[in-house]
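Below is one structure, written out as structure tokens; comments come after it.
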Amino acid sequence: MPELPEVESVVRAQRQWLVGRRFVDFVSHWPRNAAPSAAAVREALVGRMVADVWRRAKYIVVTLAEDEAARPGSSRRPEASAGSRSASNSGRRSAQQSAGYLLIHLRMSGRLEWFTLPKGDGATAAKWPAGSPAHVRAEFEFDNGGRLLFCDARKFGRIAWTRDLTSVTAHLGVEPLDDEFRPAMLRELLQSRSRALKPLLLDQSLVAGIGNIYADEALHRAGLHPLTPSDRVEPEAVKRLCSAIRAVLRDAIRRNGTSFDWVYPSGTMQDHLRVYGRTGAACRACGSAIVALRVGQRGTHICPRCQPLPRGRAAEGRALRSGSARV
DNA sequence: TGGTATGTTCCAAA
DNA sequence: TTTTGGAACATACC
């Protein structure tokens with residue numbers, strides 16, 4: 001269920017439960033998706049306290065507090081005492097004081113779910129009671145007995161521990177909700193290459209966090225066709241696109257994201273989408289039927305009236321080559 | 001049965 | 001060099 005707003009919603013929901021908690025165990029049921037290895041992640045986590053939970057692009061970032069007193073072998077603190085909020089602020093910025101970072105990427109179908117085993121029967125993931133969460137790929141166990149499950153039907157999700165956060169995030173582009181993301185910056189990104197707009201918006205190394213749903217939504221709000229060559233977008237349209245991106249992401253965060261099928265049930269943005277998944281329905285702006293096409297191998301939804309394809313050989317050539325000419 | 005799916009990464013081809 | 005397409009990852013749903 002992962003795009004920026006959904007990940008942000010998860011982060012906000014989990015932060016209050018996680019900050020100040022201490023890891024007592026980590027178990028992977030799909031070790032291939034743990035980096036550098038499931039054993040290394042376990043070694044890095046056990047005994048560590050969570051200093052902060054935040055987001056970079058579509059990554060959930062858990063900052064681990066550096067306090068040697070609490071490593072395995074020493075006594076466990078009974079309850080998380082102070083330090084949650086104050087620790088979080090420093091933990092986010094000063095890498096030197098952190099014991100590294102746990103990174104979780106949900107990819108296509110990952111989700112986090114709290115689960116408490118029935119007491120006393122020594123149940124394990126292998127023999128959980130009926131009604132337990134499905135597709136559990138990893139378990140994080142905490143000092144209060146809580147168990148955070150990483151569930152992921154498609155097994156695309158990733159769990160990683162790193163001491164050097166930038167080694168993982170260096171390739172990521174600007175956060176679209178950051179102050180620095182302004183029309184001038186977007187214009188430079190668009191002008192510096194000649195690509196169809198939608199694939200460009202999905203490129204995490206340029207703008208980080210936008211996925212298929214919100215790319216479609218932002219382009220519709222801006223009145224731009226997804227195949228528009230990036231270097232042919234007029235300054236006024238760049239402005240519209242910039243605010244459309246920010247507006248749709250903020251809007252979605254406010255509604256806790258978009259709920260899709262069985263994967264992510266908690267948001268309400270799906271009731272307010274203007275084009276994504278609305279093939280054949282009436283455009284909320286002009287009443288025309290929403291049309292589905294294929295752009296860069298991704299399902300794409302547009303209003304043909306609100307988002308006309310700009311005239312010109314470049315755009316038409318791209319449309320034909322990408323197979324989007326149908327429908 | 002086949003086509004689809006919110007993501008990322010790799011490779012080949014244009 | 002840049003951009004695009006395809007496949008791969010693995011599973012569930014319609």
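Letters A, B, ... mirror the listed sequences (proteins, then strands); counts begin at 1.
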- Consecutive Watson-Crick or G-U pairs in runs of at least 3, all under 3.5 Å, in which DNA chain C is involved: B:2-5 with C:11-14, B:7-14 with C:2-9
- What about A:Arg154: does its side chain form a donor-acceptor pair under 3.5 Å with the base of C:dA12? no
- Note on the structure: Residue pairs passing the side chain to side chain donor-acceptor pair (under 3.5 Å) test with at least one member in residues 203-212 of chain A, sequence neighbours excluded, are A:Arg195-A:Asp203, A:Lys198-A:Asn212, A:Asp203-A:Ser205
- Query: What residues, two or more places apart in sequence or in another chain, satisfy side chain to side chain contact (heavy atoms under 4.5 Å, CB included) together with A:Ala40?
  - Reply: A:Pro36, A:Ser37
- On DNA chain C, check which nucleotide each of A:Arg193 and A:Gln297 is closest to and give me the residue with the more 5' one. A:Arg193
- Item | Residues that A:Asp251 engages under side chain to side chain donor-acceptor pair (under 3.5 Å), provided they are two or more places apart | A:Arg221, A:Arg254, A:Arg255
Pull out every protein N or O sitting under 3.5 Å from an N or O of nucleotides 8-10 of chain B, one pair per line with the distance.
unit_1 : atom_1 : unit_2   : atom_2 : d
B:dT8  : OP1    : A:His105 : NE2    : 3.1
B:dT8  : OP2    : A:Lys58  : NZ     : 3.0

- Under 4.0 angstrom, heavy atoms only, what part of the nucleic acid is A:Gly299 near: base, sugar-phosphate, or nothing? sugar-phosphate
- Using the ring-ring contact (aromatic ring centres under 6.0 Å, His included) rule, collect all pairs that involve residues 269-294 of chain A, keeping only residues at least two apart or in two chains. A:Tyr276-A:His301
- Query: For A:Trp114, which residues count as a side chain to side chain donor-acceptor pair (under 3.5 Å) partner, sequence neighbours excluded?
  - Reply: A:Gln14
- Among B:dA5, C:dT4, C:dT11, the nucleotide that comes nearest once only the side chain of A:Lys155 is considered: C:dT11
- A:Arg56 and A:Glu175: CA distance, side-chain angles, deciding distance, salt bridge (Lys or Arg N to Asp or Glu O under 4.0 Å) verdict: CA-CA 8 Å; A:Arg56 172 71 172 109; A:Glu175 286 284 334; 2.9 Å; yes
- Message: Measuring only the P atom in each nucleotide, how far is B:dG3 from C:dG6? A whole number of Å is fine.
- Response: 15 Å
- Calculate the interatomic distance between A:Met108 atom CE and C:dC9 atom P; express it in whole Å. 15 Å
- Whole-Å gap separating C1' (C:dT2) and CG (A:Asp231): 12 Å
- Message: Are A:Phe142 and A:Phe23, when compared by the centres of their aromatic rings, separated by less than 6.0 Å?
- Response: yes
- Message: Could you tell me how far B:dT4 sits from C:dG5 if I compare only their P atoms? Round to whole Å.
- Response: 16 Å
- Message: From C-beta outward on A:Arg195, which listed nucleotide comes closest to its side chain: C:dT11, B:dG7, C:dT3?
- Response: C:dT3
Without placing hydrogens or testing angles, list every side-chain donor-acceptor pair under 3.5 Å for residues 182-190 of chain A, not counting sequence neighbours.
none

- Item | Non-neighbouring partners of A:Arg278 that pass salt bridge (Lys or Arg N to Asp or Glu O under 4.0 Å), sequence neighbours left out | none
- Spacing between A:Trp30 atom CH2 and C:dT11 atom C1', to the nearest angstrom: 11 Å
- Contact class for A:Tyr214 vs. all strands (heavy atom < 4.0 Å): base, sugar-phosphate, or nothing? nothing
